[in-house]
Amino acid sequence: MSKIRKIFGDDLQPDETIVFLETEGEPTDVSTTDAGEIDGTQPVVTDGASGEKDVISLDREGSDRIRDRVTRSLVASDIAPARIAQDCLNEWRRRGEKGALWRVVARHPSVAREAVYEEAARMYAFRTADISPESFDKGFAQRVIESFSEEQRDAFVEHRVVPLSYEADTDRDTLKLVLAANDPTHPELQRFVHSLDLESFEVCYAPEDKIFPVLEQLFPRKNEYLDRIRADRSAEALDIGATFDEGSTDLVDEEALDAEINRSALINLVEGALVDAVRQGASDIHIYPNAEKHTEFHFRIDGELQLWNTQSKVSPEAMIAVAKDRCGNIDRFEREAAQDGYIQRSVDGALIRYRVSVLPIATANRDIKAESVVIRVLDDRKVFRDLGSIGLLSGALERYRQSIRKPHGMVIMTGPTGSGKSTTLVAALQEIVKPQINVLTVEDPVEYIIPGVRQIKLGPRLELEHALRSILRHDPDIVMVGEMRDRVTAELAIKLANTGHLTFSTLHTNDAPSAVSRLFKMGIEPFLLAYAINLVVAQRLLRKLCPTCKRIDRNPDEVLLAEVGFSEQEMEETTFYEPAYDQSCPNCRGLGYRGRRAIGEALYFSRGIRHRIVSSGSTIDEDAVRRLAIEEGMLTLVASAREVVKLGESSIEEIIRVTASEE
């Protein structure tokens with residue numbers, strides 16, 4: 001009780017709400033030393049009079065049995081299919097791991113990790129905490145954390161645990177502190193909480209995506225590079241722009257640039273941008289000069305560019321040169337050719353890869369040798385492990401999964417650049433990859449490394465066509481072709497699909513039916529198209545309204561609603577929301593939106609669709625294919641977007657922005 005009084009003083013009332021759960025003695029260790037033997041005081045399920053540990057058979061012969069009751073529950077609830085649980089058990093045994101088997105299951109790329117942790121918390125009777133923006137008391141949490149030492153505060157972040165509230169413990173006539181953690185069963189976390197010397201506490205479960213934003217508020221991470229710039233006010237005050245002699249024929253003074261590049265403030269600015277882009281969830285960093293000879297830094301967040309910094313005290317050549325100097329495979333002195341390079345950095349304990357593109361550009365100011373630098377942020381932690389996380393509606397998701405379960409055929413993703421095609425394909429591969437099959441990908445460039453997949457790297461001596469021909473001799477089961485760019489590539493991909501391989505690829509068309517027409521115009525026969533393709537999905541990414549500050553649209557434009565396909569009945573029954581653009585919102589920082597989800601037009605190749613394509617004459621009737629697909633249950637892109645709006649996750653303005661040209 002002394003710790004609580006120290007934090008809150010004597011005015012603490014017993015009917016107020018904290019959260020501590022009473023625990024006496026040593027922490028309960030809920031890990032396992034064997035696949036089914038529970039350590040510590042956790043009960044072991046027994047089978048009647050025999051007294052043998054309860055087991056679950058993973059196959060009909062019962063050759064392998066799992067005693068870990070969390071894993072048994074995962075199999076029973078279909079969170080982890082029996083086949084995956086069996087693979088994890090084999091891996092667990094092979095490596096001689098000491099931890100719980102279900103933790104190995106959670107690491108499997110085809111399993112929804114958070115669902116595993118939620119089920120484990122339920123099995124061990126940890127209640128789920130509510131960490132909504134309305135219920136979370138940041139001031140309370142800060143007061144609790146500040147009462148501990150710096151080392152203990154660091155441990156709160158390390159173990160991802162957050163103090164939520166306090167409440168009266170009627171059994172002990174005291175107060176208990178309620179803590180929320182993503183993995184409350186972990187023995188290290190239990191030991192940490194016991195080390196806090198609290199009289200009474202309760203540890204609850206909360207999803208990772210709820211814990212992280214709260215930790216960000218309580219422990220804002222420092223950007224050491226930007227901190228150095230702020231500390232060096234003298235460097236900031238200097239105008240270190242390059243000077244040019246009017247009579248000089250060389251507009252760039254290389255010695256002056258070298259002097260500027262060596263300024264640590266410039267290096268820190270570029271490095272700070274690399275770190276901040278990762279933390280803000282940016283997909284790209286844009287660096288380029290404007291007409292005033294200032295250098296602008298923009299982050300692409302949720303599909304839109306946001307100004308991050310404008311550097312006015314440094315010449316654009318110097319700023320761009322610093323950015324190029326940080327890259328591998330890029331010549332700083334080459335200013336008239338396109339260049340591609342890379343950067344690797346460790347940010348917050350994770351290895352982040354950056355793909356760099358440099359292009360010369362024209363500006364109104366002829367004194368500038370202008371270049372544009374775009375840096376793609378490749379964070380493997382953002383790779384989706386299962387299709388269910390992409391956001392596709394249930395109908396499209398079921399058709400997708402039905403198609404990738406087939407042993408052969410083609411799945412095609414269509415849409416413009418930046419519509420998430422590759423992300424969805426990677427998630428699909430993660431669902432079906434296993435050690436028993438050979439999965440090959442041909443991409444240019446390889447962006448995300450997929451465990452268990454052999455990813456072919458194209459280059460000057462290995463072009464796409466040659467790689468595809470070689471794949472046929474490399475004994476593949478599943479192949480992903482980055483993009484069907486021309487007739488030769490399309491024919492090879494179709495050949496793979498028709499020779500017993502499950503094949504994935506992308507195509508640049510506006511909707512699903514036009515993908516069929518596009519391949520036909522490339523010279524692929526209708527019969528091959530009809531029976532090689534399993535599914536075509538046209539995809540877009542729809543921004544989601546910030547759940548913290550979104551507000552009800554009290555006066556929606558009915559003409560606009562009708563324009564995007566809402567019926568009068570739907571208008572009456574739907575609660576429409578709009579972005580608040582609240583600058584004080586800690587979640588979206590005034591953008592009104594936070595995160596994106598996929599919407600898809602899933603054209604499944606049913607018997608009727610195949611017959612319609614085969615019977616085509618000199619052209620594919622896209623409208624006829626679309627009408628038949630809609631009759632069979634396909635939602636168009638606009639219809640999919642309407643469903644997301646009816647769920648309260650997006651706005652009418654976002655439908656217009658993303659799908660205005662689709663219908």
Side-chain angles (χ1 to χ4, degrees), residues 222-280 282 284-300 305-339 341-343 345 347 354 356-377:
K222 295 182 179 179
N223 190 325
E224 60 179 303
Y225 302 104
L226 300 185
D227 287 346
R228 289 174 192 169
I229 295 174
R230 296 186 188 103
D232 189 2
R233 296 295 180 184
S234 59
E236 236 182 278
L238 291 175
D239 183 355
I240 50 177
T243 57
F244 304 96
D245 295 331
E246 291 185 3
S248 173
T249 56
D250 185 2
L251 294 178
V252 180
D253 186 336
E254 299 294 352
E255 290 185 5
L257 285 184
D258 277 332
E260 292 186 58
I261 288 169
N262 289 330
R263 302 271 189 175
S264 61
L266 303 190
I267 296 173
N268 285 332
L269 183 61
V270 173
E271 293 291 341
L274 297 177
V275 171
D276 224 30
V278 173
R279 291 178 176 173
Q280 291 193 32
D284 300 270
I285 306 168
H286 290 240
I287 309 172
Y288 58 89
N290 61 24
E292 288 74 35
K293 296 182 67 173
H294 301 162
T295 308
E296 295 185 9
F297 287 69
H298 293 257
F299 289 170
R300 185 176 294 279
L305 290 175
Q306 312 288 339
L307 179 64
W308 179 74
N309 180 273
T310 299
Q311 184 54 248
S312 59
K313 298 184 180 299
V314 179
S315 68
E317 291 93 343
M319 197 71 258
I320 298 297
V322 170
K324 292 163 68 177
D325 236 15
R326 315 309 291 164
C327 308
N329 201 44
I330 284 184
D331 181 0
R332 190 188 99 199
F333 300 101
E334 175 58 71
R335 297 187 180 89
E336 297 182 354
Q339 298 188 75
Y342 60 89
I343 304 172
R345 293 290 184 271
V347 179
Y354 303 84
V356 185
S357 172
V358 182
L359 285 174
I361 59 174
T363 67
N365 195 323
R366 297 187 62 188
D367 288 343
I368 303 175
K369 284 278 188 178
E371 293 174 281
S372 171
V373 178
V374 174
I375 304 173
R376 170 63 55 89
V377 182

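This is a predicted model, so every value here is computed, not measured.
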Exercise: identify the closest heavy-atom pair between T363 and P289: CG2-CG, 4.5 Å

Side-chain touch I267/R326, heavy atoms, less than 4.5 angstrom: yes

Pairwise distance NE2(H286) to CH2(W308) - rounded to 0.5 angstrom: 14.5 Å

Trace of the side-chain contact (heavy atoms from CB on, under 4.5 Å) decision for Y354 with V278: CA-CA 10 Å; Y354 303 84; V278 173; 3.3 Å; yes

Nearest heavy atoms of A282 and V377, plus distance in Å: O-CB, 3.6 Å

V270 vs M319 side-chain heavy atoms within contact, under 4.5 Å: yes

Separation of E296 CD from Q311 CD (nearest 0.5 Å): 12.0 Å

From OG1 (T295) to CD (E317), nearest 0.5 Å: 8.5 Å

Note, C327 side chain near I375 side chain (heavy atom, < 4.5 Å): no

CD1 on I361 to CD1 on I320, rounded to 0.5 Å: 7.5 Å

For E334, side-chain contact (heavy atoms from CB on, under 4.5 Å) partners two or more places apart: D331, E336, A337, Q339

Spacing of I285 atom CD1 and R300 atom CZ [to the nearest 0.5 Å]: 12.5 Å

Nearest heavy-atom neighbours spanning P360 and R335: CB-O, 3.6 Å

Gap between atom CG of L305 and atom CZ of F299 - 0.5 Å precision: 11.0 Å

Heavy-atom check, side chain of V347 versus side chain of L274, under 4.5 Å: no

Residues forming a side-chain contact (heavy atoms from CB on, under 4.5 Å) with Q306, sequence neighbours excluded: I301, E304, L591

